[in-house]
Novice: 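Would you mind keeping the following structure in view while I ask a few things?
Convention: sequence-line order gives letters A, B, ...; per-chain numbering from 1.
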Amino acid sequence: MQDILIRYNRMQGKKVLWQPGTDHAGIATQMVVERNLAKEGLTRHDLGREKFIETVWEWKKQSGGTICKQLRRLGASCDWSRERFTMDEGLSRAVRKIFVSLYKDGLIYKAKKLVNWDPKLETAVSDLEVVQKETVGKMYYYKYPLEDNPNEFIHIATTRPETMFGDTAVAVSKDNEKLKHLIGKNCILPIVNRVIPIIADDHADPEKGTGAVKITPAHDFNDFEVGKRHNLPMINILNPDATLNENTPYAGMSTQEARVKTIEELEKLGLMEKIEEHPMVIPYGDRSGVVIEPYMTDQWFVDAPKLAVEARRAVHDKEMEFVPAVYEKTYFEWMNNIQPWCISRQLWWGHQMPIWYGPDETIFCEENEEEAQIVADKHYGKHVELRRETDVLDTWFSSGLWAFSTLGWPESTEYLKTFYPTSVLVTGFDIIFFWVARMMMMSMYMMKRVPFKKCYIHGLVRDEQGRKMSKSKGNTVDPMETIEKYGADALRFFMASSETQGRDINLSDSRIQGYRNFATKLWNATRFCEMNECYSVKDFDVKNAKLEINKWIVAKAIETTKEVTDNLNNYRFSDAANAVYQFVWGTFCDWYIELTKPIFYGENADDIKETRATAAWVLDRILVILHPFMPFVTAELWNNLTTRSTKLIKAEWPLNENINEQNKAEIDWAIDFISAVRSLRSAMNLPAGAKLHVYTKASEADLKTLDKQNKLICTLARLEALEPLGNKEISKDMVQTVCRDATILIPLKGVVDFAAERERLNKELETLNKNLENYARKLNNESFVAKAPEKVVAEEKRRQSEALENKAKVEEALARIANF
RNA sequence: AGUUCCGUGGUGAAACGGUUAUCACGUAUCCUUGACAUGGAUGAGUCAGCAGUUCAACUCUGCUCGGGACUACCA
């Protein structure tokens, strides 16, 4: 879609830029490199930070760029000389600069909070990087003895008994009649025998579980909130790798091992009551695939709720518009419920935060170490040793700056001045939160203007059955293979013609194949033109064409151009693609080429000359309007046909042409006529080879046209003769059909299958009657005549009278053969 | 639970409230010479249900039934 837009706009003579590039995919990349190291029995710690980062760059050089390779193979006409990578020096500088700015504005802060912790990667991850999976777990019911009476208990239920060592309270709702008498008492945490209070909190739902909830503030997001409300101690029971720590009796054990041990112990103590199967949702790391732990650590946050204000307003005020517009609902929904954005990652691959700590942990945030040193020395009044923050930033932090960092910001470059704010971002709906929202926030904060005026949301490519592609399902398709098989043009055209306003695309081999055939069709049509010496004639103006078929095809070509233009302007890719497709195959190949044959095989030199020039003109036009969709085949043909002064990629896209309706009328009518004859021929089972003699009954004007196009019609309808019925009697061996106002009569020299003919005519009559009923119902309705627009009423009347005439003709024909 | 999208020929989709509801794939019949069988000609086959708004509903509103997507949560 990007490339269609960029080529289309470029051909309009606009200055265009498609800024290509990739982000550094912090977590995913570090994971892959660490996995490679593991094969050699190494960890990143064996290498040290500096050496490890070097290794990542090595790896990036070798295997990076798959996406860019695919883009190139697809024919993406981006400005490859401006390819950017989020870890490039320029972009990194932008990251540092905006970080410092946000920090000094109080929009970045450090806090000890519960975050999603990935114990495999040992880093915080964003909640967007956590996938929730349905699983059947177990619910454990057990009891804690009360402090003042160890024979009395409070019953609790949990799916994670091993976290009990982090319990610092048990909560009961104050409205819980059965349990509220316990509020204010203490109970004893078994195994470790710690005394914890029973508190009143509405988080405890009397309907759920036992009505009493163990509160583990350091390991559960809800409990964390409860803990804050009641000033409960927060006990961390896990090591960074999710093994239990010294705050528990099972230090060093995994959570699974500790769970088994805890249950055993509770059973021994006689406190275990029951274990039930329990469907639940468990969070997994999107990348690492391990269970994510809520974990209490020092992390850095962006005050997203504050940044969201402007980002929201800009969309609200239509400074940035989603196409299709429905996606703004998704955007608002997320922006309205936005949480502080945890931007720190305990990784090595990424932008290390520009934060330095003084000896007393005072924070210095500057763009580089020298400046931090100067500020720090001044602060302390002496030279001090600084320690740099080891955390790196979330990849999306740098991606969020893409719209301006890639244009050279913070320098005030020509590109920045020319292209910012950019016109359109094309992306998938699943990226709205990750990227679109972050770009909006960052851009509104730093640039005070939107990063792009439009955000086009395209569908996702799914497999033939409509399932999302995934490696685990094994239903992924490598675009390169499809391209090998059918060509990039076919794949592109398939995508464009399937792209209807954000709906998903089901990959369909047979359809891609169909578009490969379409390219072949164009190729063959061009060959026909070449064989007949249709070459562009420089000073030939199509406006001066005299032959009806030439005037007709030119008008049709202009009409199609306008259709494609309008549809692309409105991001209606499929309508645009289908318009070209219909024109090339359905109009140019199926009709025009056939219509030119009588001329090319005839002897009128002037007609041949004009038709050659026109055909060449239309072919050129096809190459132009098809080019954004199928750049390869069109460019190839463009260069082969004639020596050109311009490349097709820079050829002019015609705008503001006038469609001459008049020029279309005559041939449109001839085509209808030919189709009617063919249809009749097929219905009557007349051999395709049989030359027919056709009579017509029609108005003076129509007869004149038929006479003019006589040769054409005879050739295409395979007639030996076409003549007006005149005063001749309609004989009984004539079958008839109607085409617009004309009656077409074909005498059958052999035997007419009267039964078949009657059946055909009756069917026609049935349809006419059905339609007449509809027209009558409308026209007899006073409100319709009074309230509907005049045009609609007039049109309805016209249809009625036409149908009435046709009905009379069909009835006549039926009467004629009634006795056979 | 919240948000949201969608039910149209066999399949996948399209249609500012106004032709006989289009298109592609598939399918049926016919076509072996002249650009193309990766083709040509001609057919057959359809709006989930109910109610409402309107002169007029595939299109707008409500409900019912059915199918997805996203987000949150489940002691």
Novice: Please tabulate the protein-to-nucleotide N/O contacts below 3.5 Å involving nucleotides 22-26 of chain B, giving atom names and distances.
Specialist:
from: B:C23; atom 1: O3'; to: A:Q582; atom 2: NE2; distance (Å): 3.3
from: B:C25; atom 1: O2'; to: A:S510; atom 2: OG; distance (Å): 3.4

Novice: Given B:A41, is OP1 or OP2 found less than 4.0 Å from the side-chain N or O atoms of A:S679?
Specialist: no

Novice: How far does the C1' atom of B:A28 sit from the matching atom of B:G10, given to the nearest Å?
Specialist: 13 Å

Novice: Can you list the residues that meet the side-chain hydrogen bond (donor to acceptor under 3.5 Å, both in side chains) rule with A:D575, with sequence neighbours excluded?
Specialist: A:R572

Novice: Hey, are the side chains of A:R462 and A:N506 touching, using non-hydrogen atoms and a 4.5 Å cut-off?
Specialist: yes

Novice: So, OP1 or OP2 of B:G39: does either fall under 4.0 Å of a side-chain N or O from A:W585?
Specialist: no

Novice: Does A:H155 offer a backbone N or O that forms a donor-acceptor pair with the side chain of A:T210 under 3.5 Å?
Specialist: yes

Novice: Expressed in whole Å, how much space separates the P atoms belonging to B:G62 and B:C6?
Specialist: 13 Å

Novice: Could you go through A:S497 and A:Y515, starting from their C-alpha distance and side-chain angles, then the distance that decides it, and tell me whether this counts as side-chain hydrogen bond (donor to acceptor under 3.5 Å, both in side chains)?
Specialist: CA-CA 10 Å; A:S497 73; A:Y515 294 120; 3.0 Å; yes

Novice: Examine B:G39: is either OP1 or OP2 under 4.0 Å from a nitrogen or oxygen in the side chain of A:N517? Give yes or no.
Specialist: yes

Novice: Any salt bridge between A:K770 and A:E773, counting N to O under 4.0 Å?
Specialist: no

Novice: Nearest to the A:P789 side chain among B:G18, B:A75, B:A35, which nucleotide is it?
Specialist: B:G18

Novice: Counting only side-chain heavy atoms from C-beta out, which of B:A35, B:G18, B:A13 sits nearest to A:F528?
Specialist: B:A35

Novice: Mind checking whether A:F322 and A:Y331 have parallel, tilted or perpendicular rings, split at 30° and 60°?
Specialist: tilted

Novice: My understanding is that only residues two or more places apart in sequence, or in another chain, count here; which of them pass salt bridge (Lys or Arg N to Asp or Glu O under 4.0 Å) with A:D127?
Specialist: none

Novice: Could you check whether A:R799 pairs with A:E802 (Lys NZ or Arg NE/NH1/NH2 to Asp/Glu carboxylate O, under 4.0 Å)?
Specialist: no

Novice: From the set B:G2, B:G40, B:A35, return the single nucleotide nearest to any side-chain atom of A:E333.
Specialist: B:G2

Novice: Sort and list the pairs that fulfil side-chain hydrogen bond (donor to acceptor under 3.5 Å, both in side chains) and have at least one residue in residues 775-785 of chain A, not counting sequence neighbours.
Specialist: A:N774-A:R777, A:N781-A:S783

Novice: Examine B:A15: is either OP1 or OP2 under 4.0 Å from a nitrogen or oxygen in the side chain of A:R572? Give yes or no.
Specialist: yes

Novice: Rounding to an integer number of Å, can you tell me how far A:L772 CG sits from B:U19 C1'?
Specialist: 14 Å

Novice: I'd like the C1' distance from B:U32 over to B:A41, given in whole Å.
Specialist: 15 Å

Novice: Considering only atom C1', compute the distance from B:A21 to B:U46 and round it to an integer number of Å.
Specialist: 9 Å

Novice: Between B:C30 and B:G68, how far is it from one P atom to the other, in whole Å?
Specialist: 43 Å

Novice: What contact category does A:S508 fall into here, base, sugar-phosphate, or nothing, at under 4.0 angstrom with non-hydrogen atoms?
Specialist: nothing

Novice: Looking only at atom P, what distance separates B:C23 and B:U42, rounded to whole Å?
Specialist: 12 Å

Novice: Output yes when at least one side-chain N/O atom of A:K763 is less than 4.0 Å from OP1 or OP2 of B:A44, else no.
Specialist: yes

Novice: Are any of A:H155's side-chain N or O atoms less than 4.0 Å away from OP1 or OP2 of B:A75?
Specialist: no

Novice: Please give the distance between the P atoms of B:U29 and B:C47 as a whole number of Å.
Specialist: 26 Å

Novice: In chain order, what residues pass the side-chain hydrogen bond (donor to acceptor under 3.5 Å, both in side chains) check against A:S801, with sequence neighbours excluded?
Specialist: none

Novice: Report the base-pairing partner of B:A51 (Watson-Crick or G-U wobble, both distances below 3.5 angstrom), or none.
Specialist: B:U61

Novice: With the criterion being N/O to N/O and under 3.5 Å, what pairs connect the protein with nucleotides 68-70 of chain B, and how long is each?
Specialist:
from: B:C70; atom 1: OP1; to: A:K468; atom 2: NZ; distance (Å): 3.4

